[in-house]
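Here's the structure we're looking at; comments come further down.
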Amino acid sequence: MNLIKKLIYLITALHLLLAVPAMAQQRFPKPEFESGYEQPDTITPEPRSLALEYFDVAVLLAVLALASWLALKKRSREGILWLSIFTLLYFGFYRNGCICSVGSIQNVVLSFSDVNYAISAAALLFFLLPLIFALFFGRVFCAGACPLGVIQDLVIVHPIQLPFWLRKVLGLIPYIYLALAVLYAATGTDFIICRYDPFVGIYRMDAPYTMVVLGVAFLLMGMFVGRPYCRFFCPYGVLLKWMSKFSRWHLTITPSHCIQCKLCTTSCPFDAIDYPSEEKAIVGSRAGARKFLLYAVLLPLWVGAGVFVGAKSHAYLSRANQDVYLAELMIAHPEVKDDPDNLDVQTFLSKGRTLEQLVEDARIVRKKFYTGSMIAGGFIGLVIGMTLLNQVIFRRRTDYQPNPGDCYSCGRCMDYCPVDKNTAQLKTAVPVMKKE
Amino acid sequence: MNIKDQIKLSSNVAVISGIFCTAVALLLLLNFWQLSKNDPLESNAMKVLIERLAQEPSNAELKQDIRQLDLLARKAYFNTQWQINTGSYLLLFGAIVFAIALRYYYTLKSKIEIPEQVVENELAAKALSMKWLLAAGGVILVSALAASYASVNYLDQFGREEIVAVEPPAQDPGIEVVEVGAEPVLLSGSDGVTTTDSLASSAPAETGTTSGEAATASVTATPAAPALPGASQIMANYPSFRGPFANGVSSHKNIPTDFDGPSGKNILWKTTVPLTGYNSPVIWGNKLFISGANAQKREVYCIDRNSGKILWAKAADNIQGSPATPPKTTEDTGLAAPSLATDGIRVYAIFGTGDVISFDMDGNRVWARNLGVPENHYGYSSSLIAWKDKLYIQYDNNRGHKLVALDVATGNTVWETARAVKISWASPIMANVGGKYQVIMAADPFVAGYDADTGKELWTARGLMGEVGPSPAYSDGLVFVTQEYATLMAVNATNGQVVWKDDMYLSEVASPVAAKGMVFVATSYGVLAAFDAKNGEMLWEHDSGVGFYASPVVADDKLFLFDTDGKLQVFALSREMNLLAESNLGAKITSTPAFADGRMYVRAGTTLYCIGK
């Protein structure tokens, strides 16, 4: 193992270590001044003006349109790269990673579950536009319009290919994250996608230590595992994947027909190229009918198990809710009422509300969690069952082609194809391979 | 610079930046460890100094030392915070340099690879991934399940104790209970009192007390609780907001229609109570009850309705769970907006603090409890109804919406029914629908009927929206509800079907009233409108120019309605508009009048008027 590799492992390990104590960091106690001091009023930053919000929507629309044109028509990886840099600067550093389509899922969910919450038109459009584009042109949002995606895309140094099984197992995480994000948003508990956004700290240049460390850890990992957050965490990616699978037009590796040269096989850092079916696999797949039936029958069982586990888990999942947390804390430890340092409890007591009322509120929240957790559990069960079922479904492929669900339309593979887009013939000189 | 030099340079930069990152990361870890180990605020030196200060509170030098140490602690904290923040960004900078150098290094060192060098066998890869997926799925579900069993459900524990405490004794009415070693005791009803009309009417208490005051009925050897009033007694009194069953129709006759407040004509007496309130008087026998409140205290007043003398005034204080600081309310609602209820045995009051309290007719406190401070941006205002052995409370607030039935004797919760509605300011009414009593309540988005015995939701009818203030009215199988900006609608009380709707005149505050096949709506901009109860046809309208907050009420076969300026208008219950009389009280009126034996009682803030001849 050379020095560089050792360094990489050491830095990664250290960052993971850094993230652990950072979680436990305490807030500094509020100063106590005897007299003569008045606490300054807290100032809420003014929201962005409506006109500028619509300007952001217009920019997003333009970036999405340009990304679609660059990926599908122009077939320019370089163009997409420069568009990524624009997104990094505009939606990332200038707009501080907010508003973002990934987090907008929660706004949409909350607007459905809480009649008192009105979603802004900008947030709704940020949610819908990437999905609409994905339905027509694939995941062009991921290619050049997502500030979370492009920062990872730009740091890819030496991507390694992950084993198929590992990709499938880690691929379950975004579904679980989506289910939990929807559950917590629908119950008005928290916007966990925003809370655990790893890159917003970097974009704002003024984030808590944990957020910066989390972001740096993801970027370090991203040097060797292409877009780890997009592939194995992003909940919005789940929706984009569903849309993109049905995309009317999608990026293709070859502008004409595949000549099976295999030059593109190592081009994708995200393992999103499907290979042509092997003859052995085609023969083997015929024995899969029985397995298919078995896993199809098991599907309702997975859903049922998920619903059952969800119902059982609702109590501890609901503890993320402030009311539930506080009610349980005060029931389990009545002595906290006398702890002047416990700001949560002291704030609650100063409002003049009783524990009975808090418990009642907490019960209402928990009831919502009961229903929500069952739905979330059923969804996770369904995802596991469907992923298993997908393993026995065999799709015959004849060419090397991007997987419409997994492909981020970054356009790297296009540069590897020796077929000329104008003449549909082999390029006169096969380009020197650029390994990214 | 040739390619070898470039490779070497990028390699060196990567190594140096990597070492830099490692060093910064280590320093950050050290910094955190130091911070967690040495908290200057928790230092022994500080503790010693604080203890000494307790003994020598006037030692100025000691105070100075503590301030110095505290300042030092704060400086140390903010210094550490600066170090952590700076370190984080140095780390980020180092990581960027490291990434660029590495990328350059790998780009320079990259070689043309043979395509598809290692290709996984698709079937084998899928078979392997299935095993891993099964294992992962199992681990996810099992660990979630294990976590659920490992955690303690404190909320449920809290709830169980409460439910056990409030469960009523499971005894059927009229069951003879024989205790070993004791005389047989007849216990009727859930708490030892008779609860049916027939039993109540046959009880000596009812026939013996013309005033309807509490009476004790002794059965066999053991004294039993006083008999609860039946429907006939309820109808003969004025026990809730808008009279019997809160429906706005009173059976009292000879109600005066001609009086004058400023000159004192037909004003029999005026009484001032200490605290103000917007609740309306309720009457049982010779006793009239109102309540008042301010930020400091809440009180219940019992007034002799013949003389106007305050018989007793009792504070609603020392109630467990009552907030030290009352919730904020608007001036036109206050903390004593809900009217009281009485059953002739006890009187029940609720305040904007969530305190519910019961006194017997002599002013002895029977029970008191807090239902949880209502979160209500104007102030809680739903009035009470007492019927049989239950006290019904519409508790629709910003947090939690429910119908609560309390045991009238103990104040314990008999049942609660959660309601899928928004906050409401309306009051419940009681209606006898096909021989079964229903509690009927209005809120956004629906009016609903609940079984008065079990609390079961029997029907709902959607159509209301916004801030619902007017209470429902009931007559001949139809429920009438209205709300400004929503609708006036008649609903079948057996199945919740909307019979008709109209939106010509809608009420904002005053509740509608229904009688003689008509329904009357008084608007906050001064129009009284009459509609045919069966089909919603508008019969007549009368614009008096001054708005109505007090609800129209029917007595003596006439409709009585005070406007906010204190002018009473009396209308005939006819299908043509017929204004019988107008009288001026000379005081702002927002409360609804009460009636008894040829007299009318109306409240204006702290003043209570008795009008009669």
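- Annotation: the span from B/W132 atom CH2 to A/L170 atom CG amounts to 10.5 Å, rounded to 0.5 Å.
- At least one donor-acceptor pair under 3.5 Å links the side chain of A/E328 to the backbone N or O of B/Y154.
- For the set A/L166, A/L154, A/L388, A/L355, the count of heavy-atom pairs under 4.5 angstrom toward chain B peaks at A/L388.
- Here the side chains of A/I384 and B/L133 are not in contact, with every heavy-atom distance at 4.5 Å or above.
- The shortest heavy-atom contact between A/S313 and B/A144 is OG-O, 3.6 Å.
- With rounding to the nearest 0.5 Å, the separation of OG in B/S151 from CZ in A/R319 is 4.5 Å.
- By the salt bridge (Lys or Arg N to Asp or Glu O under 4.0 Å) test, B/K422 is found to be paired with B/D444, residues two or more places apart in sequence or in another chain being considered.
- A 4.5 Å side-chain heavy-atom check between B/K126 and A/V392 finds every atom pair outside the cut-off.
- B/R103 places a side-chain N or O within donor-acceptor distance of the main-chain N or O of A/I156, the cut-off being under 3.5 Å.
- Ion pairing between A/E360 and B/K402 holds under the 4.0 Å rule for side-chain N and carboxylate O.
- With sequence neighbours excluded, the residues satisfying side chain to side chain contact (heavy atoms under 4.5 Å, CB included) with B/S143 are B/V139.
- For chain A, the nearby parts of B/L134 are the backbone and the side chain; heavy atoms of each come within less than 4.5 Å.
- Of the listed residues A/I364, A/L329, A/V169, the one with more heavy-atom pairs under 4.5 angstrom with chain B than any other is A/V169.
- Contact annotation: the side chain of A/K312 approaches that of B/Y149 to within less than 4.5 Å [non-hydrogen atoms, C-beta and beyond].
- Of all non-hydrogen atoms in A/W302 and B/G138, the two that sit nearest each other are CH2-N, 4.3 Å.
- In this structure the side chain of B/F98 reaches within 4.5 angstrom of the side chain of A/L220, judged on heavy atoms.
- Taking chain B as the reference chain and counting heavy-atom pairs below 4.5 Å, the highest number among A/V383, A/T354, A/I176, A/D361 is found for A/D361.
- Interface remark: B/V152 contributes backbone atoms only to the contact with chain A (heavy atom separation under 4.5 Å).
- Taking each heavy atom of B/A95 and A/V216 in turn, the nearest pair found is CB-CG1, 4.1 Å.
- Below 30°, between 30° and 60°, or above 60°: for B/Y106 and A/H158 the angle between ring planes is below 30°, a parallel geometry.
- Taken from OH in A/Y295 to CE in B/M130, the straight-line distance is 3.0 Å, to the nearest 0.5 Å.
- Of the listed residues (A/L358, A/V324, A/V309, A/L219), the greatest number of heavy-atom pairs within a distance under 4.5 Å of chain B belongs to A/V309.
- Looking at B/L141 and A/F308, their side chains never come closer than 4.5 Å, going by heavy atoms from C-beta outward.
- Using a 4.5 Å heavy-atom cutoff, the side chains of A/V155 and B/I96 are not in contact.
- With a threshold of 4.5 angstrom between heavy atoms, A/I273 does not approach chain B through any atom at all.
- Side-chain atoms of A/Q357 come within 3.5 Å of backbone N or O of B/V373 as a donor-acceptor pair.
- With a 4.5 Å cut-off on side-chain heavy atoms, B/Y89 and A/I202 do not count as touching.
- Residue B/A136 touches chain A through its side chain alone, counting heavy-atom pairs closer than 4.5 Å.
- At a threshold of 4.5 Å between non-hydrogen side-chain atoms, the residues B/N153 and A/R366 count as touching.
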